[in-house]
Student: 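Please read through the structure below; I'll follow up with questions.
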Amino acid sequence: MNSLKRSQMSVCHSYSKCESILGLFFLNLFGIVFSQCGGSTQSLTANQAIQYFTSVGYNNGAGTYSSNIDCQWIIDSGVANYKVIVYLKNYNIACSGDNINIYDGNNISGTVLKSNVCGTGTSDNFVTSTGQYLTLRFTSDAVNQSVGFEAAYFSATDLSGTGCTAEQTLTPTTSAQYVTSPSFPSLYDVSSNCRWVLTVPAGRVQVEIVYSDIESSANCAFDSLEIYDGDYVCENTKLAAFCARFPNGATGSYVSNGTSFLLKFKSDGSVSYTGYLIKYTQVEEDVSVNPVTSSDDQLMLGIGIGCACGATGALLLVFVVTFFKSKCRSPKIVSPRVKTVEPMNGGPHMRTPSVNGSVDSSDSVTHSRNGFIRRPLTTSRRSSMVDGKSNGFLP
């Protein structure tokens, strides 16, 4: 009898363990559903990096959400004067009774910013709060479930400074700082002409395009964001020009060759979008870069190697290096490279030097096919040549 009781107690104890394990398993499996879709809400904290969240069961667009759910997300910008930006990147929601609603504030009693979103879509679904909080609610009925949605979110404020009234100089540090399009995250101003010079006393400048939503056009003819390697606008130093809508807008990082970057933003007089958010920092010099030696250093190196190998080798090496140095330094009858430098208050200005580096309006200079300089003959010189000998030599 006692053995039977012990056996029953052992079995009951085993069942208790099994039930606990199964209970924990199902809680872990469906806990996200209960926390977001069981009457409570999930809180998200935004920052200036783009983050993402999805409906339950989204599974990278290959899943299905459940029936009869009520899910809510409250997004906090983290700072009182920062706003929340939400973008419905992808969604596929049955319209029979399922939808997304987005509210201004931290509850569903706030102003509706976007209502009854359903069907499929991937663009023109930006929503910006007026304050620190934004709430997104997703509900479904008992029939016709679909895939769900993926949303991007971040926080931002207007950090354009004075760069759209006059060229503004900013000093990057090792701590991240940000610059934005004018009026960000609202639509940027039309007819904008903005410039920021990012310069450090030592090291280099790194910029990262966190977010970009600019009107698309061929060759960025309408609106554009441009990055120049240096502290002035010049076609020879332009690294890139960007003009595309989010999420196809430009992202990525750039490091200056020197101590400065220049950012230029322009817009035409019609269509505008939300603009861009750029992070900039100061970075150290790249110690892995090999120093470039001058030709004189190479000459001295050649002499040293030649002495080590013998007098004959030294003389030969010096002769070769000297020969090539003379060739490299010989004057060439070509014009120097002309740069188009664009001032902020006007269009491009072209300065075209002549062969000798200055503009000569009194006597034109051309190149003949054999490479010699040929000047036009004056009347006196032409008459002298006519009186000369037939072999072409003048007396």
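Just so you know, these numbers come straight off a predicted model, no measurement behind them.
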Student: Just verifying a value: how many Å separate Cys243 SG and Ile214 CD1, rounded to the nearest 0.5 Å?
Tutor: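 The CD1 atom of Ile214 is 7.5 Å from SG of Cys243, to the nearest 0.5 Å.
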
Student: Roughly how far, to the nearest 0.5 Å, is CZ of Arg204 from OG1 of Thr259?
Tutor: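 Output value for this atom pair is 10.5 Å.
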
Student: Inspect the surroundings of CG in Asn81 and state if more than 12 heavy atoms from other residues, nucleotides or ligands are less than 6.0 Å away.
Tutor: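 Count over threshold, so yes.
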
Student: Parallel, tilted or perpendicular: which describes the rings of Phe265 and Tyr276, with under 30° parallel and over 60° perpendicular?
Tutor: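 Taking Tyr276 first and then Phe265, their aromatic rings stand perpendicular (interplane angle over 60°).
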
Student: If you measure from OH on Tyr82 to CG on Asn47, what distance do you get to the nearest 0.5 Å?
Tutor: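 Going from OH on Tyr82 over to CG on Asn47, the span is 11.0 Å.
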
Student: How long is the span from the CD1 atom in Ile108 to the CD1 atom in Ile102, to the nearest 0.5 Å?
Tutor: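 Ile108 CD1 to Ile102 CD1: 14.0 Å, rounded to 0.5 Å.
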
Student: If you take the centroid of each ring, where Trp contributes its six-membered ring, are Phe154 and Tyr211 closer together than 6.0 Å?
Tutor: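 Centroid distance Tyr211-Phe154: below 6.0 Å, so yes.
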
Student: Quickly, which of Asp231, Val255, Val207, Ile278 forms a side chain to side chain contact (heavy atoms under 4.5 Å, CB included) with Phe261? Name it, please.
Tutor: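 Filter result, single survivor: Val207.
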
Student: Answer with yes or no whether the hydrophobic clustering places Val283 together with Val200; edges join I, L, V, M, F, W, Y residues whose side-chain heavy atoms lie under 4.5 Å apart.
Tutor: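 In one cluster with Val283: Val200, no.
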
Student: Tell me whether the centres of the aromatic rings in Tyr273 and Phe246 are closer together than 6.0 Å.
Tutor: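 No, ring centres 6.0 Å or more apart.
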
Student: First locate atom NZ of Lys264, then atom OG of Ser192, and finally report the distance between them rounded to the nearest 0.5 Å.
Tutor: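 Spacing of NZ (Lys264) from OG (Ser192) equals 12.5 Å.
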
Student: Would you please name every residue forming a ring-ring contact (aromatic ring centres under 6.0 Å, His included) with Tyr153, sequence neighbours left out?
Tutor: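 Applying ring-ring contact (aromatic ring centres under 6.0 Å, His included) to Tyr153 gives Phe53.
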
Student: Mind checking what makes salt bridge (Lys or Arg N to Asp or Glu O under 4.0 Å) contact with Asp213, not counting sequence neighbours?
Tutor: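 Residues passing salt bridge (Lys or Arg N to Asp or Glu O under 4.0 Å) with Asp213: Arg245.
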
Student: Report yes if some heavy atom in the side chain of Ser155 is under 4.5 Å from a heavy atom in the side chain of Gln132; otherwise report no.
Tutor: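 Side chain of Ser155 against side chain of Gln132, heavy atoms only: no contact under 4.5 Å found.
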
Student: Tell me, please, which residues at least two apart from Ser216 pass side chain to side chain donor-acceptor pair (under 3.5 Å).
Tutor: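 Ser216 satisfies side chain to side chain donor-acceptor pair (under 3.5 Å) with no other residue.
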
Student: Heavy atoms, side chains only, cut-off 4.5 Å: are Ser77 and Val84 in contact?
Tutor: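 In contact.
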
Student: Can you tell which of Val127, Leu88, Asn101, Val117 makes a side chain to side chain contact (heavy atoms under 4.5 Å, CB included) with Leu136?
Tutor: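 With Leu136 as partner, side chain to side chain contact (heavy atoms under 4.5 Å, CB included) holds for just one option, Leu88.
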
Student: Set out, in order, the CA-CA distance, both residues' side-chain angles and the distance that settles side chain to side chain donor-acceptor pair (under 3.5 Å) for Asp98 and Gln145, then state yes or no.
Tutor: CA-CA 8 Å; Asp98 310 340; Gln145 287 73 50; 5.0 Å; no

Student: Looking at residues at least two apart in the chain, or sitting in another chain, which of them share a salt bridge (Lys or Arg N to Asp or Glu O under 4.0 Å) with Lys238?
Tutor: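 For Lys238 the salt bridge (Lys or Arg N to Asp or Glu O under 4.0 Å) partners, ignoring immediate neighbours, are Glu226, Glu235.
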
Student: Ring centres under 6.0 Å, that's the criterion: do Tyr58 and Phe149 meet it?
Tutor: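 No: the rings miss the under 6.0 Å criterion.
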
Student: Output the distance between atom CG (Leu113) and atom OG (Ser129), rounded to the nearest 0.5 Å.
Tutor: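 The distance works out to 7.5 Å.
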
Student: Spell out, yes or no, whether Val190 and Phe222 are grouped together once hydrophobic residues are joined by side-chain heavy atoms under 4.5 Å, including indirect joins.
Tutor: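 Different clusters: Val190 never reaches Phe222 through Ile, Leu, Val, Met, Phe, Trp or Tyr contacts under 4.5 Å.
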
Student: Taking the side chain as C-beta and beyond, is there a heavy-atom pair between Ser224 and Phe242 under 4.5 Å?
Tutor: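 Answer no - side chains too far apart.
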
Student: Checking Asn68 now: which residues fulfil side chain to side chain donor-acceptor pair (under 3.5 Å) with it, not counting sequence neighbours?
Tutor: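 Testing Asn68 for side chain to side chain donor-acceptor pair (under 3.5 Å), a comparison that skips the adjacent residues, returns none.
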
Student: Do NZ/NE/NH1/NH2 and the carboxylate oxygens of Arg137 and Asp70 come within less than 4.0 Å?
Tutor: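 A salt bridge links Arg137 with Asp70.
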
Student: Check salt bridge (Lys or Arg N to Asp or Glu O under 4.0 Å) between Glu215 and all other residues, then give those that pass, not counting sequence neighbours.
Tutor: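 Partners of Glu215 by the salt bridge (Lys or Arg N to Asp or Glu O under 4.0 Å) criterion come out as none, since no residue qualifies.
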
